[in-house]
> 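Quick one: the structure is below, and I'll ask about it shortly.
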Amino acid sequence: LSFLLDNANWIPILEEPSAPPLSTKVFTTDAAGWTEDDNNDPIGVGCIGLSESGEIFYANQLIWTANKNTRIRSKRLGNKTTTLEFIGIIIPILHNLNNLKEQHVIIQVDNIGCVYAWENGYSSDPTTSVLIRALSFISAFLHSFLHVVHMPRCSSWESCLADRLSRLSTTTF
């Protein structure tokens with residue numbers, strides 16, 4: 001409490017987070033996990049970024065290099081869908097650091113667990129919690145508000161495109 005009373009070391013209180021403005025950058029991401037009957041089709045994460053005017057300014061596909069049997073804390077990485085989705089959320093933010101300073105950014109994901117985990121600031125999975133904290137630090141560094149919102153799978157052309165980019169077999173020119 002003394003830092004509020006000290007005139008020399010005043011630290012202003014941040015504004016209350018609010019809803020994003022009507023015109024903002026929007027990223028739509030999707031990550032694919034491995035299934036038990038997977039035919040070794042290369043999978044990963046896809047992302048589309050739209051500018052304030054609705055034009056594509058970012059598109060990315062990242063294929064997972066880990067083996068489908070890779071384990072974290074005795075669970076298969078391919079079954080940790082919230083963890084994979086958060087990796088998909090962080091990638092476009094890191095790729096666009098200079099374009100995302102001091103603004104609201106909407107991130108659309110088809111995993112509702114990501115939305116709740118972001119709102120709570122943690123997840124029941126420790127690996128996902130580390131990614132949430134990292135994204136919080138990135139957001140603070142950028143002085144930006146990140147809004148993680150649910151977008152049902154393949155419910156818009158952006159989510160369809162991100163879904164197709166998450167698998168090599170469904171990605172075409």
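Note that the structure is a prediction, hence the values are computed from the model and not measured.
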> Consider side chain to side chain contact (heavy atoms under 4.5 Å, CB included). Of Leu97, Asn99, Asn98, which one does Lys101 pass it with?
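It is Asn98, the one option of Leu97, Asn99, Asn98 that forms the side chain to side chain contact (heavy atoms under 4.5 Å, CB included) with Lys101.
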
> Between Leu135 and Trp118, is there a side-chain heavy-atom distance shorter than 4.5 Å?
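Answer yes - side chains close enough.
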
> When you measure from the side chain of Ser159 to the backbone N and O of Ser155, does any donor-acceptor pair fall under 3.5 Å?
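Yes.
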
> Using a 3.5 Å cut-off and no angle test, enumerate the donor-acceptor pairs between side-chain atoms of residues 138-148 and protein atoms at least two apart in sequence or in another chain.
from: Ser139; atom 1: OG; to: Ser144; atom 2: O; distance (Å): 2.6
from: Ser144; atom 1: OG; to: Leu100; atom 2: O; distance (Å): 2.4
from: Ser144; atom 1: OG; to: Glu102; atom 2: N; distance (Å): 3.0
from: Ser144; atom 1: OG; to: Gln103; atom 2: N; distance (Å): 3.2
from: Ser144; atom 1: OG; to: Gln103; atom 2: O; distance (Å): 3.3
from: Ser144; atom 1: OG; to: Leu142; atom 2: O; distance (Å): 3.4
from: His147; atom 1: NE2; to: His104; atom 2: ND1; distance (Å): 2.7

> Taking the hydrophobic residues Ile, Leu, Val, Met, Phe, Trp and Tyr, and joining any pair whose side-chain heavy atoms are under 4.5 Å apart, which ones share a cluster with Ile48?
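Result for Ile48 is Leu50, Ile56, Trp157, Leu161, Leu165.
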
> What verdict does the side-chain contact (heavy atoms from CB on, under 4.5 Å) test give for Leu131 and Ile90, after you've listed the backbone C-alpha separation in whole Å, the side-chain angles of each residue and the deciding distance to 0.1 Å?
CA-CA 8 Å; Leu131 295 173; Ile90 289 177; 4.0 Å; yes

> Listed by chain and number, what are the ring-ring contact (aromatic ring centres under 6.0 Å, His included) partners of Tyr116, not counting sequence neighbours?
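Once residues adjacent in sequence are excluded, Tyr116 has no partner under the ring-ring contact (aromatic ring centres under 6.0 Å, His included) criterion.
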
> About how many Å separate NZ of Lys25 and CD1 of Ile93, when rounded to the nearest 0.5 Å?
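The CD1 atom of Ile93 sits 10.5 Å away from the NZ atom of Lys25.
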
> Taking side chain to side chain donor-acceptor pair (under 3.5 Å) as the test, write out the residues that go with Arg133, two or more places apart.
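Scan of Arg133 (side chain to side chain donor-acceptor pair (under 3.5 Å), adjacent residues dropped) gives none.
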
> Can you name the side chain to side chain donor-acceptor pair (under 3.5 Å) partners of Thr28, sequence neighbours left out?
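Side chain to side chain donor-acceptor pair (under 3.5 Å) check on Thr28 returns Gln108.
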
> Shortest non-hydrogen contact from Thr24 to Ile106?
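Where Thr24 meets Ile106 most closely, the heavy atoms are CG2-CD1, 3.4 Å.
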
> In terms of hydrophobic clusters joined by side-chain contacts under 4.5 Å, are Leu94 and Phe27 together?
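Yes, Leu94 and Phe27 fall within the same hydrophobic cluster.
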
> May I have the step-by-step check of side-chain contact (heavy atoms from CB on, under 4.5 Å) for Asp30 and Val109, ending in yes or no?
CA-CA 6 Å; Asp30 188 34; Val109 295; over 6 Å; no

> Using side-chain contact (heavy atoms from CB on, under 4.5 Å) as the criterion, list what pairs up with Ser23, not counting sequence neighbours.
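Partners of Ser23 by the side-chain contact (heavy atoms from CB on, under 4.5 Å) criterion, ordered by chain and then number, come out as Glu52.
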
> Just to verify, what does Ser53 make a side-chain contact (heavy atoms from CB on, under 4.5 Å) with, not counting sequence neighbours?
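In terms of side-chain contact (heavy atoms from CB on, under 4.5 Å), with neighbours along the sequence ignored, Ser53 is linked to Ser51, Glu55.
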
> Taking only residues two or more places apart in sequence, or in another chain, which ones meet Ala31 in a side-chain contact (heavy atoms from CB on, under 4.5 Å)?
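side-chain contact (heavy atoms from CB on, under 4.5 Å) check on Ala31 returns Val45, Trp64, Leu84, Glu85.
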
> Residues two or more places apart in sequence or in another chain: which of them pass salt bridge (charged side-chain N to carboxylate O under 4.0 Å, His left out) with Asp110?
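Listed in chain order: nothing, the list is empty.
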
> Just to verify, what does Thr128 make a side-chain contact (heavy atoms from CB on, under 4.5 Å) with, not counting sequence neighbours?
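Checked Thr128 against side-chain contact (heavy atoms from CB on, under 4.5 Å); matches are Thr82, Thr83, Phe86, Ser123, Asp125, Ile132.
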
> According to the salt bridge (charged side-chain N to carboxylate O under 4.0 Å, His left out) rule, which pairs have a member within residues 149-162, sequence neighbours left out?
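Salt bridge (charged side-chain N to carboxylate O under 4.0 Å, His left out) check on residues 149-162 returns Arg153-Asp163.
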
> Shared ILVMFWY cluster between Val149 and Val26, side chains joined below 4.5 angstrom?
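Same cluster.
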
> For Asn120 and Tyr122, indicate whether the former's side chain and the latter's backbone hold a donor-acceptor pair under 3.5 Å.
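Here the side-chain-to-backbone pair does not exist.
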
> Check step by step if side-chain contact (heavy atoms from CB on, under 4.5 Å) holds for Ile91 and Leu62.
CA-CA 9 Å; Ile91 289 170; Leu62 175 75; 3.2 Å; yes

> With sequence neighbours excluded, what pairs up with His95 under the ring-ring contact (aromatic ring centres under 6.0 Å, His included) test?
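Counting only residues at least two positions away or on another chain, His95 forms a ring-ring contact (aromatic ring centres under 6.0 Å, His included) with Tyr58.
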
